[in-house]
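All residue numbers in this chain count up from 1 along the given sequence.
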Amino acid sequence: MKNKEPLFHVAKREALPWYRMWLIRVLAVLAALVVCSIVTMAVTKLNPLAVAGSMVEGALGSSRKTWVTIQNTAILLLIALAVTPAFKMRFWNIGAEGQVLISCFAAASCMILLTDKVPNAVLVLIMFLASIAAGAIWAGIPALFKAKWNTNETLFTLMMNYIATQIVACFCIVWENPKGSGTIGLINSTGNQGWVQIGNKYLFAILVAAIVTVLVYVYLNYTKQGYEIAVVGESVRTARYVGIKVDRVFIRTLLLSGAICGLAGFTLVAGVNHTLTTSLAGGRGFTAVMVSWMAQFNPFTMIITSFILVFLSRGSTEIATTFGLNSSFSEILTGIIIFFLIGCEFFIRYKLIFRTHDAKEGNK
C-alpha cells in the first residue's frame, strides 16, 4: 500500500518554560547576526564586526544617543501598550498611527489657539484632556461600527489613518510658519507655553511609559475588565454564553486603546517634538503591532522588544552614515534580524513532528 502520510506535520506546543522561550529568541538573534555578517561581506566587503560596532555606536555611542534611544523606546512602548488590549481580544486595531496623529493634532491645536488665553498649567491640562479625548474618539468610531454592524475593523482602522494624516496635512499649511514653508516649526518656541519637561528633556516620555506599563499590566491581569478581554479573545461565542456584553467590551477596550494613543500624542507634542507634522508618529503605530505581538501581549516583555527595534533602527542609520552606504542596505540588515525574530515565534508556539521509521516500514 502506498504511503500517504506526510513527511512531517505541524502541531501546537504546550506552553514552554520562559527560559526555553528566551533561549530560542537568543539563538534566533545569533543566527540573524551570522546571516547579516555573510550578507555584509558578500555585498560590501566590509568587516561585519565593524558594521556591528557601528550599530552600537549609533544607538548607544554617547550619553545623548543613549537618552534618545531610551526616549524613542518609551514612545514606541507606549503605542504598543495602546494596541495590546484590543489585540488581546482579537480586535485588530491597525489604526494606532492615525489615533496618535489625531491626538498630536489636538494637542498642537490647543498650543496654537489657547497660548495667550489661559495660564500655562491650564493649557497643559487642556492639551492633555484634548489629546486623550481625540485618540479615544478616533478609536471608538470603528469600535462602534464593529459592535453595531460587524464591520471589518482592520480595514476601518486602517482607513482612519489616512483621514488623520490628511487633516494634519491640511492644518500644517493653515498654520505654516513661516508662510510658504509648508511646516509649522517649533510651537511657542519663545515662551515654551504648553511644553512639558521633568528633569532633562528626555525623562518625561520615559516616566509616562513606565507608569502606563505597570497600569496596563495590572488592568489586563488583575481586573474584571481584563478578564473579559481575555475571554472575548478566546471565543466571542463563549463570552456571550457566560453573560459578557461583547459589544460593550469592544467599545470600552477601543476607547482605552485610543486614550493611550492620545497620551502618546500628547507626549510627542508637549514633551518631545513641540511641533506638528504628518510624520510625527513616524510609523510607530505599525511597528507597535510587531512589538505587541512579539511580546505575546506582555507589557513588561514589550520593553525588551521595543528597545530591540529602536536599537536596530538607530543603529542601521549609523551604518549608512559611517560607511557611506545608502539607507536600503541598513534596512536590509534590519529586515533580516526582524525576520528571524518573528520566525522564531513559530518554533515557540509550534513543533514539527516527522514521520516515524515504523510508519514508513509498515506502509511498504
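- Atom OG1 of Thr267 and atom CG of Asn273 lie 11.0 Å apart (nearest 0.5 Å).
- Within the model, atoms SG of Cys344 and CD1 of Ile24 stand 7.5 Å from one another, a figure rounded to the nearest 0.5 Å.
- The line from CD1 of Ile319 to CD1 of Ile332 is 11.0 Å long, rounded to the nearest 0.5 Å.
- Closest approach of Leu312 to Thr334, counting heavy atoms only: O-OG1, 3.7 Å.
- The shortest distance between side-chain heavy atoms of Ser103 and Val100 does not fall below 4.5 Å.
- Ile211 and Phe128 sit in two unconnected hydrophobic clusters of ILVMFWY residues. Membership requires side-chain heavy atoms under 4.5 Å apart, directly or through other members.
- Between Phe145 and the choices Phe156, Phe250, Phe91, the ring pair (Phe, Tyr, Trp, His ring centres under 6.0 Å) rule is met once, by Phe156.
- One finds the CD1 atom of Ile187 at 12.0 Å from the CG atom of Asn192 (value rounded to the nearest 0.5 Å).
- Note: the hydrophobic cluster containing Leu215 does not contain Val291 (ILVMFWY, side chain heavy atoms under 4.5 Å, direct or indirect links).
- Salt bridge status for Lys245 with Glu228: absent, with no side-chain N to carboxylate O gap under 4.0 Å.
- Counting only heavy atoms from C-beta outward, the side chains of Lys65 and Ser62 approach each other to under 4.5 Å.
- Scanning both residues, Ser316 and Ser313, for their nearest heavy atoms gives OG-O, 2.8 Å.
- Relative to the six-membered ring of Tyr350, Lys12 meets both conditions, a distance below 6.0 Å and an angle of at most 45° to the axis.
- With hydrogens and angles ignored, the 3.5 Å screen pairs a side-chain donor or acceptor of Asn120 with a backbone N or O of Gly194.
- Linking ILVMFWY residues whenever their side-chain heavy atoms come closer than 4.5 Å, directly or via other members, places Val208 and Val310 in the same cluster.
- Phe286 and Phe307 are members of different hydrophobic clusters when ILVMFWY side chains are connected at heavy-atom separations under 4.5 Å.
- Trp138 contributes no side-chain N or O that, together with a main-chain N or O of Ile102, makes up a donor-acceptor pair within less than 3.5 Å.
- Nearest heavy-atom pair, Ala32 versus Ile336, reported as atom, atom and distance to 0.1 Å: O-CG2, 4.1 Å.
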After noting the C-alpha distance and the side-chain angles of Leu309 and Met290, does the key distance pass the side-chain contact (heavy atoms from CB on, under 4.5 Å) rule?
CA-CA 9 Å; Leu309 293 179; Met290 191 186 310; 4.1 Å; yes
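- Heavy atoms from other residues, nucleotides or ligands lying under 6.0 Å from NZ of Lys201 number 12 at most.
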I would like to know whether Val29 and Phe340 meet side-chain contact (heavy atoms from CB on, under 4.5 Å); could you show each step before the answer?
CA-CA 7 Å; Val29 171; Phe340 274 83; over 6 Å; no
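- Here Trp22 pairs with nothing under the ring pair (Phe, Tyr, Trp, His ring centres under 6.0 Å) rule; sequence neighbours left out.
- Between Leu268 and Arg284, some side-chain heavy-atom pair lies under the 4.5 Å cut-off.
- Under a hydrophobic clustering in which Ile, Leu, Val, Met, Phe, Trp and Tyr are joined whenever their side-chain heavy atoms come within less than 4.5 Å, directly or via other members, Val236 and Phe297 fall into different clusters.
- The OG1 atom of Thr157 sits 12.0 Å away from the CD atom of Glu97 when rounded to the nearest 0.5 Å.
- Counting heavy atoms from C-beta on, the side chains of Met111 and Gln193 never come closer than 4.5 Å.
- For Gly98 against Ala164, the heavy-atom pair with the smallest separation is O-CB, 3.6 Å.
- Nearest approach of Thr278 to Leu101, heavy atoms of both residues: O-CD2, 3.7 Å.
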Audit row: Val10, Phe346, side-chain contact (heavy atoms from CB on, under 4.5 Å) steps and yes/no:
CA-CA 10 Å; Val10 178; Phe346 172 85; 3.9 Å; yes
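- Taking 4.5 Å as the limit, every side-chain heavy atom of Val122 sits out of range of all side-chain heavy atoms of Leu114.
- For Arg13, the CZ atom is densely surrounded, since the number of other residues' heavy atoms within 6.0 Å is greater than 12.
- Of the possible donor and acceptor atoms, one in the side chain of Thr305 sits under 3.5 Å from a partner among the backbone N and O of Met302.
- Remark: aromatic rings of Phe87 and Trp92 are close, center separation under 6.0 Å.
- Pairs engaging residues 217-245 under the ring pair (Phe, Tyr, Trp, His ring centres under 6.0 Å) rule: Tyr217-Phe300 [sequence neighbours left out].
- Within the structure, the salt bridge (charged side-chain N to carboxylate O under 4.0 Å, His left out) test picks out the following pairs touching residues 153-163 (sequence neighbours left out): Lys146-Glu153.
- More than 12 heavy atoms of other residues, nucleotides or ligands lie within 6.0 Å of CG in Asn200, so this atom counts as buried by the packing criterion.
- How far CG of Leu255 is from CD1 of Ile260: 11.5 Å, rounded to the nearest 0.5 Å.
- Using bins of under 30°, 30° to 60° and over 60° for the plane-to-plane angle, the ring pair Trp195/His274 lands in the parallel bin.
- For the pair Met55/Glu318, no side-chain contact is recorded, criterion being any heavy-atom separation below 4.5 Å from C-beta on.
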side-chain contact (heavy atoms from CB on, under 4.5 Å) between Ser235 and Val231, intermediate numbers included
CA-CA 6 Å; Ser235 171; Val231 174; over 6 Å; no
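- Of the N and O atoms on the side chains of Ser292 and Thr84, at least one donor lies less than 3.5 Å from an acceptor on the other residue.
- With respect to the salt-bridge test (charged N to carboxylate O, under 4.0 angstrom), the residues Asp247 and Arg252 do not qualify.
- The pair Glu234-Arg90 does not count as a salt bridge, with every side-chain nitrogen at least 4.0 angstrom from each carboxylate oxygen.
- Between the Lys117 side chain and the Leu113 main chain, a donor and an acceptor come within less than 3.5 Å of each other.
- Counting only heavy atoms from C-beta outward, the side chains of Phe204 and Gln71 never approach each other to under 4.5 Å.
- Around the CZ atom of Arg349, the shell of radius 6.0 Å holds more than 12 heavy atoms that belong to other residues, nucleotides or ligands.
- With 3.5 Å as the limit, one finds a donor-acceptor pair spanning the side chains of Gln99 and Asn93.
- The shortest distance between side-chain heavy atoms of Ser109 and Trp175 falls below 4.5 Å.
- Minimum heavy-atom separation, Ala288 to Val83: O-CG2, 4.1 Å.
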